[in-house]
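Below you'll find the structure, written out as structure tokens, and then a few comments.
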Amino acid sequence: MSYSPAISEPHWQQAWADADSFRAKRDGRPKYYVLEMFPYPSGRIHMGHVRNYAMGDVVARFKRAQGFSVLHPMGWDAFGMPAENAAMEQGGHPRDWTYANIATMKQQLLPLGFAIDWSREFATCDDDYVAQQQALFLDMLAANLITRKSAQVNWDPVDMTVLANEQVIDGKGWRSGAQVERKELTQWFFRISDYSDELLAALDGLTGWPEKVRLMQQNWIGKSRGLQFRFQTVDAPESIAEIEVYTTRPDTLMGASFVALSPDHPLVKSLAEHDGRVAEFVEECRRIGTTEEAIETAPKMGFDTGLKVTHPLDPTWELPIWIANFVLMDYGTGAIFGSPAHDERDHEFALKYGLPIRATFGQQGMDLAQADTLVAKAPYVPMKSETVTYVRGFAGQPDQTGDEGVATAIKAAEQQGWGEGVTKFRLRDWGISRQRYWGCPIPVVHCDEHGTVPEAKENLPVLLPRDVTFDVPGNPLDRHPTWRQATCPVCGGPALRETDTMDTFVDSSWYYARFTSPHAATPTDRADADYWMNVDQYIGGIEHAILHLLYSRFFARAMVKTGHLPPTAIEPFNALFSQGMVTHEIYMTRDEKGRPVYHLPEDVTDGKLADDTPVEIIPSAKMSKSKKNVVDPVDIIARFGADTARWFMLSDSPPERDVEWTAAGAEAASKFLGRVWRLADEIPEGGDDPDLTRSAHRAIADVTRAIEGFAFNKAIARLYELANAIARSPAGGEHRRAVLRILAQLLSPLVPHLAEEVWAKAGGQGMVIDAPWPVADPALLEDDNIVLPIQINGKRRAELSVPKTMTKEEIEALVLADETVQRFLEGAAPKKLIVVPGRIVNVVA
RNA sequence: GGGGGUGUGGCGGAAUGGUAGACGCGACGGAUUCAAAAUCCGUUUUCGCAAGAAGUGUCGGUUCGAGUCCGACCACCCCUACCA
């Protein structure tokens, strides 16, 4: 008989299901909530899913064995554009496409044997989830966490929808790849920027998060301290009497040589109405901003309005007002003053348009002429912590650091009453309106009399109409003959429904909370939320380091404010782990025109195709359909079983790093698991082997530590060692069985099906999944005799086997008597003799 | 431009400042076999027959002792980017 995962894996999965082993229960035990980022139902699972969920499963099973009440749920991030795209391309309905994909993927996921509480499963497109998300929306609206404002948005002309800034990559839509246009629309916004400071400050407390992710969030929030003030214009139309600017370098104000407005600035719009050339220039900026290469190489472009402002420190000094393409409307006030001496962009702009370049400071000790020379060809931008000499300063000592210069400049402006120190953030409000069908409808109506009115809670959910088509671009909700017709909850009169749906990031911003009570008639059940929150361990890809995690942190705050989560859940994820990708070599040939043709791994043997054509092997990259370097988990499970896939995904590479899938590695994993099975299948008679007991206890200690430290590759290395030790050991009978039971327990989080087989064969009671995690006996972790390496001048030259209890003096005597040591010493006494008990000896000759 | 990270055998990777290369892959040798697959047992950092010597990107430093700590440099990777 031999190991047959195709039979045993479904058997044990059934046994676990029969025992309802994975249902999360609120009981007296301490709880543990482990969550992996839920998948988008694209249609098939891939190796990345296997790796992600295998890691979560190890944690879930390990904590379960340690006596925790474990919550380990699974769901589907089910709204989003691919469903609509599929409907456009192949016909059909997004809803049908999505639920069919969910069914397929669930059938692919189940054979992996994950310890998931499937009774909590939901999809974000379920009517129930939509209902609770809308209830949450109304509560947030009432709590002033949502606002509606007109905003410049990124418009994707292909998908006919608005994109968030972060969904625009190099000026193109992240899904469609189309050039993004600017467009003004009234949008719904979550007021995340109200929480900028708090979201930033709270990062310090997230000690269970990778430093890297915290840093990325910190940069994204982008806090800066600067001065805000108004320039008075000279002889300008009344509508532009003053221009408000923001600067982080107010200390360079005496080097100002121009004021520049963003092309999107409201003042520019009013100027454009009177001056066709302004309108033309703005138009040109927009064109440049959205053409192919422009983003990288965009030249500085400016337009002199001919208008002037007066300098706040010298009313007789006038500066020209320009419009410049490099000034962003989204940041600060959309207007700046240019100080070319100490800013690269301003310097480039000044050189191009012949504007003056005047230093405000130079290297320490420089006089005015030297400083001006210094900045003539290139700007001087030292670290703000560096001490410089101000030659055109207006506040503080001539010699001070940039930081001091900024602080004293702000102070002076405030004292003189013409400006104030302000803190700005890069983080902007989160626009959630999408002109799409397949998303959660925003539950408001527009009434002629009462304006925009929230839908009444008793009228929820506002569900999507099913009878829609996707034969033309744009939002089918706009075209629907009756869906928009609604009743105003205030006056009962006729009203029109909002046709925008929510950004799908909204759906994933609170699903972790919903899992604590997935069937509650409110967004959460407080008793459940209080018990299960927070997520103790969250696991997912680094690609969500900023958006998803930041939005989730905002939502947790919003849910605390609206009473849906306890205040302790304000940071919802105690610990975060970012796992690496699954990669594979790429196999390529070229067609007659030299274009690359990619080949699937299963079509390549020994670097050749079936017809003997050699393929070019390109180094590993993330598995992707376009490069055809994909391995389908379904095929691997069919061939080797789930445990092999799980084992290989966790072995070799550290979890945070990329892992390369290789056929040889998968086969090796399968071979090892077969070997373990045979070890349990053929248990010889024989006696005890104390060395084996020691090996087992060392393995318990090491594997436990490795799993706790997310070092699954190291846990696996120790399990190889234990299996090898058993194979070599003369132990037999009950002693061998006892050690095999320990092996089964240690294997169970990683390869749970095989572990049950081994447990059963080795005479374990019940199922290994119900056995408490073993604890190592400290007395068995060390040998009575230890091998002490002897270094001479720091190089290992000899070794000494001594009893653990031997004293330092006895060891010293033995070392000096050692043949090798004597040869090196050549009769002389050692300069120094260092004995680190139980560790090492170093002889300094 | 800014920020972060990583450099260890043919490969993936181990090493609380204390025997560098655990464990695995691959390779090589052997056993078993009519033969092969599977399985089992060895060897496998480099140079050297050996004794031995060298060795963790480069150069320096701290230390009895450095892959690990400090400084400079080189290379590669990732993120981010006109943020005033």
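Reminder, nothing fancy here: chain letters follow the sequence lines and each chain counts from 1. Below, each value reflects all heavy atoms present in this structure, side chains not excepted, and no hydrogens, waters or symmetry copies. From a predicted model like this one, the values you see are computed outputs, not experimental measurements.
B:rU43 and B:rC34 have their P atoms separated by 28 Å, with the value rounded to a whole Å.
Nucleic acid contact class of A:Glu721 (heavy atoms, under 4.0 Å, all strands): sugar-phosphate only. Base engagement by A:Val836 is indicated by at least one non-hydrogen atom pair under 4.0 Å involving a base atom. Across all strands, A:Lys424 comes closer than 4.0 Å to no nucleic acid atom at all (heavy-atom distances). A:Asn724 comes within 4.0 angstrom of sugar-phosphate atoms only, judged by non-hydrogen atoms across all strands, and of no base. Using a 4.0 Å heavy-atom cutoff across all strands shown, A:Leu215 reaches sugar-phosphate atoms only and no base atom. Looking at heavy-atom distances under 4.0 Å, A:Ser653 makes contact with sugar-phosphate atoms alone, never a base. Residue A:Asp343 is out of contact with every strand shown, counting any heavy-atom pair closer than 4.0 Å. Residue contacts shown for A:Arg728 are absent, as no nucleic acid heavy atom lies under 4.0 Å away. At a threshold of 4.0 angstrom between heavy atoms, the contacts of A:Tyr246 include nucleobase atoms, whether or not backbone atoms are also involved. Looking at heavy-atom distances under 4.0 Å, A:Lys831 makes no contact with the nucleic acid at all. Counting non-hydrogen atoms under 4.0 angstrom, A:Arg675 reaches the backbone sugars and phosphates but no base. Residue A:Val327 is in base contact, counting any heavy-atom pair closer than 4.0 Å across all strands shown.
Side chain A:Asp652 to base B:rG12: a donor-acceptor pair is found below 3.5 Å. Looking at A:Arg426, its side chain has no donor and acceptor atom pair within 3.5 Å of the base of B:rU80.
Taking the ring centroids of A:Phe258 and A:Phe349, they lie under the 6.0 Å cut-off.
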Before giving the answer on side chain to side chain donor-acceptor pair (under 3.5 Å), spell out for A:Asp429 and A:Ser193 the whole-Å C-alpha distance, their side-chain angles and the decisive distance to 0.1 Å.
CA-CA 5 Å; A:Asp429 278 340; A:Ser193 66; 2.6 Å; yes

Apply salt bridge (charged side-chain N to carboxylate O under 4.0 Å, His left out) to residues A:Glu682 and A:Arg736 and explain how you reach the verdict.
CA-CA 11 Å; A:Glu682 309 149 1; A:Arg736 200 176 175 92; over 6 Å; no

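A straight line from CG of A:Asp681 to P of B:rA38 spans 20 Å, rounded to a whole angstrom. Here the P atom of nucleotide B:rG5 and the CZ atom of A:Arg214 are 13 Å apart, to the nearest Å. As rounded to whole Å, 14 Å separates atom C1' of B:rA22 from atom CG of A:Leu719. Regarding A:Asp702, its CG atom lies at a distance of 12 Å from the C1' atom of B:rA14, rounded to whole Å. Remark: P of B:rG4 and CE of A:Met216 are 13 Å apart, rounded to the nearest angstrom.
At B:rU19, none of the side-chain N or O atoms of A:Lys795 fall inside 4.0 Å of OP1 or OP2 (strictly under the cut-off).
Comparing A:Asn713 and A:Arg718 by the nucleotide of RNA chain B whose heavy atom lies nearest to each, the residue mapping closer to the 5' end is A:Asn713.
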